[in-house]
*Asks:* 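One structure, pasted below without further comment.
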Amino acid sequence: MKITRARLIVCSPGRNLVTLKIETDEGLYGIGDATLNGRELAVVAYLEEHLLPTLIGRDPAAIEDIWHYAYRGAYWRRGPVTMSAIGAVDIALWDIKAKVAGLPLHQLLGGPSRQRVMVYGHATGRDIESCLDEVQRHVELGYRAVRVQCGIPGMATTYGVAKKTGERYEPADAELPAEHVWDTARYLDHAPKLFAAARQRFGNELHLLHDVHHRLTPIEAARLGKEVEEFHPFWLEDCVPAEEQDAFALIRQHTTAPLAVGEVFNSIHDCKALIENHWIDYIRATLTHAGGITHVRRIADFAALHHVRTGFHGATDLSPVCMGAAIHFDTWVPNFGIQEYMPHEAVVDEVFPHDYRFEDGHFIAGQTPGHGVDIDEELAARFPYRRASLPVNRLLDGTLWHW
Ligand SMILES: O=C(O)C(=O)C[C@H](O)[C@H](O)CO
Ligand SMILES: [Mg+2]
């Protein structure tokens with residue numbers, strides 16, 4: 001079998017999504033997700049100019065060789081653009097391999113470690129009460145785990161809170177970056193109250209998660225951890241920017257709140273120290289952004305040696321293609337923790353027909369050969385790309401801060 005064509009489909013059914021289709025001389029094709037939120041066309045250029053032309057004529061079964069050709073052969077290693085491009089190729093090649101084998105992807109990875117994978121949903125509200133009403137709605141839908149984010153009194157905007165209660169939170173909401181304002185003192189005062197209220201209303205069984213979205217310093221994160229640990233969060237996510245992996249050592253000394261990190265990571269080197277020093281509990285690097293199944297499998301196996309479990313990023317900027325592949329990965333990976341699930345708009349699900357399904361707070365992988373996700377190209381063509389940017393964040397005095 002040979003690769004005859006590799007091309008990108010860029011569409012925007014409510015949000016931008018970049019899809020790679022690799023076609024072969026035997027009529028089989030594979031699909032990969034190449035979406036890097038707010039930087040979509042950078043990955044398109046990387047693939048079209050540098051990677052896709054090198055695939056033509058190759059045997060799609062040689063996934064390992066193609067991965068190393070793309071990684072080592074680039075000379076300029078790593079980084080989100082490069083690794084998302086490699087990730088898209090890798091996911092599409094695994095899709096082809098599983099289709100050739102006539103197996104759902106998880107069977108090719110080693111078979112199921114579980115029948116279904118627990119997901120967490122997002123509850124957001126402008127204040128604690130409305131956020132908890134959203135938690136209630138999720139509980140009624142069957143969720144066992146819910147991420148809680150609410151507005152902070154005195155702050156016009158805060159990460160993770162939808163514009164209207166019950167709506168989806170979409171961060172890439174403006175053509176050029178919107179400017180948000182951040183006040184750590186107000187946040188640290190308010191966040192523990194949200195956890196306290198959630199435990200009071202829902203008891204101890206429901207898993208509660210929270211995303212700090214890189215906003216704190218290590219000692220501030222340590223304080224937050226100490227204050228919420230009595231409410232036993234499932235995890236605190238991205239407490240500090242993770243360029244400096246050692247920062248987690250300080251947080252860890254102070255709190256038993258489980259820590260999750262890694263949605264912006266793109267290689268094992270971004271999390272090596274975090275994992276081997278037991279500074280984190282969950283690794284969130286995604287298949288799309290961290291070099292595909294081939295590389296994330298190495299991260300997951302390494303993490304398993306150190307009691308770290310997976311908790312993949314699953315925001316709407318990961319397309320159903322990434323989600324489908326992730327659900328197979330989650331079904332296989334022995335050290336699975338949880339899967340994030342932000343439902344896509346109905347139109348996105350129409351553009352990407354798929355066989356995974358949500359049931360009773362869990363995802364169930366489909367049995368179609370491959371990762372089980374396709375693209376309706378005619379429908380996709382009706383939604384052309386539109387530039388959309390993630391926001392930036394400033395402190396009260398105007399200093400540019402982490403978003
Ligand atoms: O889902 C999460 O945990 C996020 O932090 C969402 C990110 O802000 C979003 O995916 C950025 O593209
Ligand atoms: Mg996050």
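Just so you know, ligand 1 is whichever comes first in the structure, and atom 1 is the first atom listed for that ligand. Atoms considered below: every heavy atom in the structure, side chains included; atoms not considered: hydrogens, waters and symmetry mates. Index from 1, following the sequence.
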*Asks:* How close does the nearest protein non-hydrogen atom get to atom 7 (C) of ligand 1, and which residue and atom is it?
*Replies:* Glu263 OE2, 3.5 Å
*Asks:* Using only heavy-atom distances, determine whether the side chains of Thr399 and Trp401 contain a donor-acceptor pair under 3.5 Å.
*Replies:*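 No, no side-chain donor-acceptor contact under 3.5 Å.
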*Asks:* Taking the six-membered ring for Trp and the full ring for Phe, Tyr or His, determine whether the centres of His295 and Trp67 are under 6.0 Å apart.
*Replies:* yes
*Asks:* For Arg147, counting its heavy atoms only, list the atoms of ligand 1 lying under 4.0 Å from any of them.
*Replies:* 1 (O), 2 (C), 3 (O)
*Asks:* Do Glu377 and Arg7 meet the salt-bridge criterion of a basic N to acidic O distance under 4.0 Å?
*Replies:* yes
*Asks:* Among all the protein's non-hydrogen atoms, which is closest to atom 8 (O) of ligand 1, and how far away is it?
*Replies:* His213 NE2, 2.8 Å
*Asks:* Quick one: which ligand 1 atoms are inside 4.0 Å of a heavy atom on Asp211?
*Replies:* 2 (C), 3 (O), 4 (C), 5 (O)
*Asks:* Could you tell me whether the side chains of Glu340 and His122 share a donor-acceptor contact shorter than 3.5 Å?
*Replies:* yes
*Asks:* Taking only heavy atoms of Asn37, which atoms of ligand 1 are found under 4.0 Å from at least one of them?
*Replies:*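 Per the distance check, 11 (C), 12 (O).
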*Asks:* Return the residue, atom name and 0.1 Å-rounded distance of the protein heavy atom closest to atom 4 (C) of ligand 1.
*Replies:*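 For this ligand atom, the closest protein heavy atom is Tyr159 OH, 2.9 Å.
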*Asks:* Report yes or no: does Trp403 have a heavy atom closer than 4.0 Å to ligand 1?
*Replies:*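 The answer is yes, since Trp403 has a heavy atom less than 4.0 Å from ligand 1.
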*Asks:* Run the numbers for me: atoms of ligand 1, each under 4.0 Å from some heavy atom of Asp317, listed by number.
*Replies:*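 Answer, ordered by atom number: 9 (C), 10 (O), 12 (O).
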*Asks:* What N/O/S atom of Asp211 is the closest to the Mg ion (ligand 2)?
*Replies:*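 Nearest N/O/S atom: OD2.
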*Asks:* Answer with yes or no whether Met342 contacts ligand 1, where contact means a heavy atom under 4.0 Å from a ligand atom.
*Replies:* no
*Asks:* Tyr356 and His354: aromatic ring centres closer than 6.0 Å?
*Replies:*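 Yes, the ring of Tyr356 comes within the 6.0 Å limit of the ring of His354, centre to centre.
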*Asks:* Give a yes/no answer: is there an N/O/S atom of Glu340 under 2.8 Å from the Mg ion (ligand 2)?
*Replies:*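 Given the 2.8 Å cut-off, Glu340 does not count as a ligand of the Mg ion (ligand 2).
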*Asks:* Identify the two heavy atoms, one from Asp270 and one from Leu274, that lie closest to each other, and give their separation to 0.1 Å.
*Replies:* O-CD1, 4.0 Å
*Asks:* Checking side-chain polar atoms at under 3.5 Å, does Asp133 have a donor or acceptor matched by the opposite partner on Ser130?
*Replies:*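 The criterion, which ignores hydrogens and geometry beyond distance, is not satisfied for Ser130 and Asp133.
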